[in-house]
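Please read the structure below before turning to the comments.
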Protein chains: 2
Amino acid sequence: MSRGVSRITLQDVAREAGVSLATADRVLNGRAGVRGATADRVKDAVARLGYRPNLAAARLARGETYRFCFVLPAGANVFMRMLAEQVANTANWLATNNAYIDTLRVDVFAPETLASALEGLIGRYDGVAVVALDHPRVRAAIDDLTASGIAVVTLVSDVPSSHRLHYVGIDNIAAGRTAGTLIGRFAAGRRGAVGLIVGTPALRDHAERQFGFTQVLAGEYPALKVLAAQESLDEDERTEAIASRLLREAPDLVGLYNVGAGNRGIAAAISAANRASDLIFIGHDLTEDTSRFLLRGVMDAVINQDAGHQSRSAARVLLSHCAGEPLLSEQERIRIDIFLRDNLP
Amino acid sequence: MSRGVSRITLQDVAREAGVSLATADRVLNGRAGVRGATADRVKDAVARLGYRPNLAAARLARGETYRFCFVLPAGANVFMRMLAEQVANTANWLATNNAYIDTLRVDVFAPETLASALEGLIGRYDGVAVVALDHPRVRAAIDDLTASGIAVVTLVSDVPSSHRLHYVGIDNIAAGRTAGTLIGRFAAGRRGAVGLIVGTPALRDHAERQFGFTQVLAGEYPALKVLAAQESLDEDERTEAIASRLLREAPDLVGLYNVGAGNRGIAAAISAANRASDLIFIGHDLTEDTSRFLLRGVMDAVINQDAGHQSRSAARVLLSHCAGEPLLSEQERIRIDIFLRDNLP
DNA sequence: CGTTTTCTGATGTCCGAACCTCAGAATGAA
DNA sequence: TTCATTCTGAGGTTCGGACATCAGAAAACG
């Protein structure tokens with residue numbers, strides 16, 4: 001509200017350095033035609049006065065518009081639906097910041113499709129966020145985008161070997177380990193089998209979670225035996241069938257870890273078998289379903305990666321990269337959330 | 001980068017509505033002198049075109065500077081030190097957004113001091129964030145600030161009965177319940193005593209955590225008996241003495257829950273008694289110490305409220321309130337984080 | 001019908017930085 | 001010393017909106 005406290009402007013810096021506004025501007029924007037000694041005087045003045053350029057004014061003057069494309073999986077997976085929703089919110093926010101988001105939904109399981117979709121984005125966008133499949137064709141497409149000057153961030157699932165600018169998502173090995181520790185500790189001394197259900201090992205995030213999980217259980221909870229991983233393709237019917245069979249065939253089943261989606265099917269199977277109270281069930285992604293399952297005691301913990309955070313983080317990374325603004329990388333780390341019945345949001 | 005995609009400006013809205021720029025401006029800024037029918041035409045045009053005012057331009061034009069004061073406890077408590085540090089970071093960020101933060105450190109345990117410090121802020125700031133003590137004098141001071149047009153948010157510890165604009169912090173009852181469930185489940189069937197250490201019951205957040213914790217243990221884990229709460233004043237020496245005594249005098253001690261600070265003292269006592277591996281120890285606030293204790297297995301879980309999030313959230317709430325901008329309240333909820341050894345950031 | 005009163009349009013300035021041009025100063029080389 | 005190169009200063013324009021002023025149009029009123 002106050003108009004009293006006046007900011008330090010470039011004018012002030014120029015005066016302090018004993019140069020003109022134009023020169024100060026040249027130094028700060030790296031334009032040619034300033035002697036080293038003069039540039040140093042300006043930089044000194046910036047430091048002395050603690051000058052911070054006014055972001056609002058800079059963006060306005062630049063008058064640029066940034067176009068981003070978010071490439072999301074086509075499937076009807078709950079988490080991906082939530083992510084798409086959050087991307088829409090983010091778009092809304094970006095609209096007040098000279099940036100626009102288009103969303104493109106493609107079949108993630110088809111590397112060729114994904115790769116050519118990505119390549120079709122060249123020249124039409126300034127930045128791309130993609131839920132990527134770790135496949136050579138996709139990696140090549142990402143590198144092509146990067147080479148043509150488009151900023152690429154991977155979202156949720158990474159392609160570490162590519163030239164992507166940034167990965168926005170959790171460490172999935174750590175997430176799997178977290179699930180392992182929770183099951184191990186909740187089982188506390190009990191002996192028996194633990195079921196493991198994955199969507200598909202072709203997805204890097206699923207494979208990593210599985211790895212982290214089995215690593216912890218094998219290493220630290222020898223009383224618990226991890227059964228062979230079952231593929232669910234993230235479908236409720238299949239997870240239900242798998243869970244039912246496990247409950248039937250493994251009488252010593254102590255816990256279940258679902259690496260992917262399809263928790264509803266598992267919950268149904270557990271309820272049907274009347275095992276809600278003693279079977280430990282841990283899964284991923286906080287949704288209406290899973291929070292209900294937590295409250296009812298069917299699920300014991302949910303490991304979550306916040307869709308809203310990821311969407312906003314991707315947008316911030318792209319925006320600040322394109323606008324050449326600094327980024328607080330520490331703020332952009334996506335955390336592995338653990339939700340119990342008691343700390344639901 | 002692209003200059004092609006042009007934003008929708010107020011100009012466009014005015015043209016679409018068939019009015020002049022001045023009239024469109026009057027409608028959007030609620031200035032008098034526009035007939036209802038005309039105003040509706042403008043609003044329709046806004047909706048049709050999906051006009052979103054350019055925040056950067058608006059702030060620039062307004063040319064206002066906002067002054068905020070963060071009132072933090074004077075003590076050397078680790079969490080509060082981290083919070084102060086994050087407030088400094090936030091100040092840095094705000095400086096590029098026409099806003100300035102001063103930090104004021106006062107003795108929280110003295111309601112009179114806190115209240116008069118708050119009242120001294122009247123007229124000098126546009127917004128105040130305060131780690132508040134829930135006391136009538138403090139509540140009155142907050143209400144005075146609010147009445148004189150200053151936006152007040154409570155930080156970390158709330159004063160629910162006051163007219164504060166917003167509370168930035170976690171639900172501490174839920175945090176206590178979370179600790180209770182973790183201890184209950186990690187103890188899994190064991191029978192015995194659980195020690196409870198609080199900084200001081202005078203702090204609302206400590207009292208609430210204690211309440212949530214005992215509620216869960218009493219209700220759901222009857223095999224675990226919660227011992228009488230011990231006051232530590234958040235000091236390492238006292239927590240160490242308390243923990244040592246509990247370890248000595250309660251041979252059936254299964255777990256320890258520290259509601260406040262001073263985890264270092266407890267860790268020392270546990271290590272000295274050689275009980276790291278079997279005693280369950282849960283505390284609050286992720287610091288260098290506590291994450292080390294997690295890794296070493298001395299602590300079993302840390303419940304955290306992110307200092308950076310809270311500081312930034314408070315700043316965003318104050319800024320958007322003062323600038324009359326909309327707020328995504330869903331984004332401003334502070335979560336109760338659970339950290340195990342495996343999901344440390 | 002004329003006269004108030006109430007609207008509306010036209011126009012301008014300002015915010016702080018980005019980016020541009022051009023004239024003149026300082027510097028270097030010949 | 002002269003001429004060609006750098007530098008540097010001065011000035012302007014632009015971005016999109018906030019806010020102000022004033023003249024003229026339209027509506028309300030007696």
Side-chain angles (χ1 to χ4, degrees), chain A residues 1-42 45-46 49 51-66 95-99 322-325, chain B residues 1-42 45-46 49 51-66 95-99 322-325:
Chain A
M1 320 261 187
S2 111
R3 318 188 85 96
V5 191
S6 59
R7 289 185 53 77
I8 293 146
T9 73
L10 237 200
Q11 280 284 6
D12 303 320
V13 173
R15 199 179 317 114
E16 171 84 11
V19 301
S20 76
L21 184 59
T23 302
D25 174 70
R26 288 183 185 112
V27 174
L28 267 88
N29 291 287
R31 272 186 275 277
V34 180
R35 226 173 328 171
T38 314
D40 287 345
R41 260 163 52 218
V42 173
V46 165
L49 297 182
Y51 166 72
R52 334 243 335 130
N54 182 326
L55 272 197
R59 284 210 187 138
L60 184 57
R62 244 183 249 114
E64 291 175 334
T65 315
Y66 306 105
T96 66
N97 282 274
N98 308 323
C322 288
E325 292 163 4
Chain B
M1 321 260 188
S2 114
R3 320 188 84 96
V5 191
S6 59
R7 288 186 53 78
I8 293 145
T9 74
L10 196 51
Q11 278 284 7
D12 304 320
V13 173
R15 199 180 316 115
E16 171 84 9
V19 301
S20 76
L21 185 60
T23 302
D25 174 71
R26 287 184 185 110
V27 174
L28 267 88
N29 289 288
R31 273 184 273 276
V34 180
R35 225 176 325 166
T38 314
D40 288 344
R41 259 162 54 217
V42 173
V46 165
L49 296 182
Y51 167 72
R52 335 244 332 132
N54 182 328
L55 274 197
R59 282 208 189 141
L60 185 57
R62 244 183 248 113
E64 290 174 334
T65 316
Y66 306 105
T96 66
N97 282 274
N98 308 323
C322 289
E325 293 163 4

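We name chains A, B, ... by the order of the sequence lines, and we start the count at 1 in each one. Everything numeric in this text was worked out from a predicted model, so none of it was measured.
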When the distance from [atom1] of [X] to [atom2] of [N] is rounded to whole Å, what number comes out?
X: A/R59; N: D/dG17; atom1: CZ; atom2: P; value: 15 Å
X: A/L28; N: C/dA18; atom1: CG; atom2: P; value: 7 Å
X: A/Q11; N: C/dC14; atom1: CD; atom2: C1'; value: 14 Å
X: B/R15; N: D/dG16; atom1: CZ; atom2: P; value: 12 Å
X: B/N98; N: C/dG16; atom1: CG; atom2: C1'; value: 9 Å
X: A/E325; N: C/dG16; atom1: CD; atom2: C1'; value: 14 Å
X: B/D12; N: D/dC15; atom1: CG; atom2: P; value: 12 Å
X: A/L60; N: D/dT14; atom1: CG; atom2: P; value: 13 Å

Is a side-chain N or O of [X] found less than 3.5 angstrom from the main chain of [Y], in a donor-acceptor match?
X: A/R41; Y: A/A17; result: yes
X: A/D40; Y: A/A37; result: no
X: B/D25; Y: B/L21; result: no

- CG of B/L49 to CZ of B/R15: how many Å apart, nearest 0.5 Å?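 The CG atom of B/L49 sits 9.0 Å away from the CZ atom of B/R15.
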- Message: Rounded to the nearest 0.5 Å, what separates atom CZ in B/R59 from atom CG in B/N54?
- Response: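 So the CZ of B/R59 and the CG of B/N54 are separated by 10.5 Å.
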Less than 4.0 angstrom between a side-chain N/O of [X] and OP1 or OP2 of [N], yes or no?
X: B/N54; N: D/dG17; value: no
X: B/R62; N: D/dC19; value: no
X: A/Y51; N: C/dG16; value: no

Regarding [X], tell me which of base, sugar-phosphate or nothing describes its non-hydrogen contacts under 4.0 Å with the strands shown.
X: B/R31; value: base
X: A/L10; value: sugar-phosphate
X: B/D25; value: base

- Message: Taking the side chain as everything from C-beta on, heavy atoms only, tell me whether A/V13 gets closer than 4.5 Å to A/V42.
- Response: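 Answer yes - side chains close enough.
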- Message: Using a 4.0 Å heavy-atom cut-off to protein, can you give one letter per nucleotide of nucleotides 4-13 of chain C, 5' to 3': B if the base is in contact, S if only the sugar-phosphate is, - if neither?
- Response: ---SBBB---
- Partners meeting salt bridge (Lys or Arg N to Asp or Glu O under 4.0 Å) with A/R52 (sequence neighbours left out):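 By the salt bridge (Lys or Arg N to Asp or Glu O under 4.0 Å) rule, A/R52 matches no residue at all.
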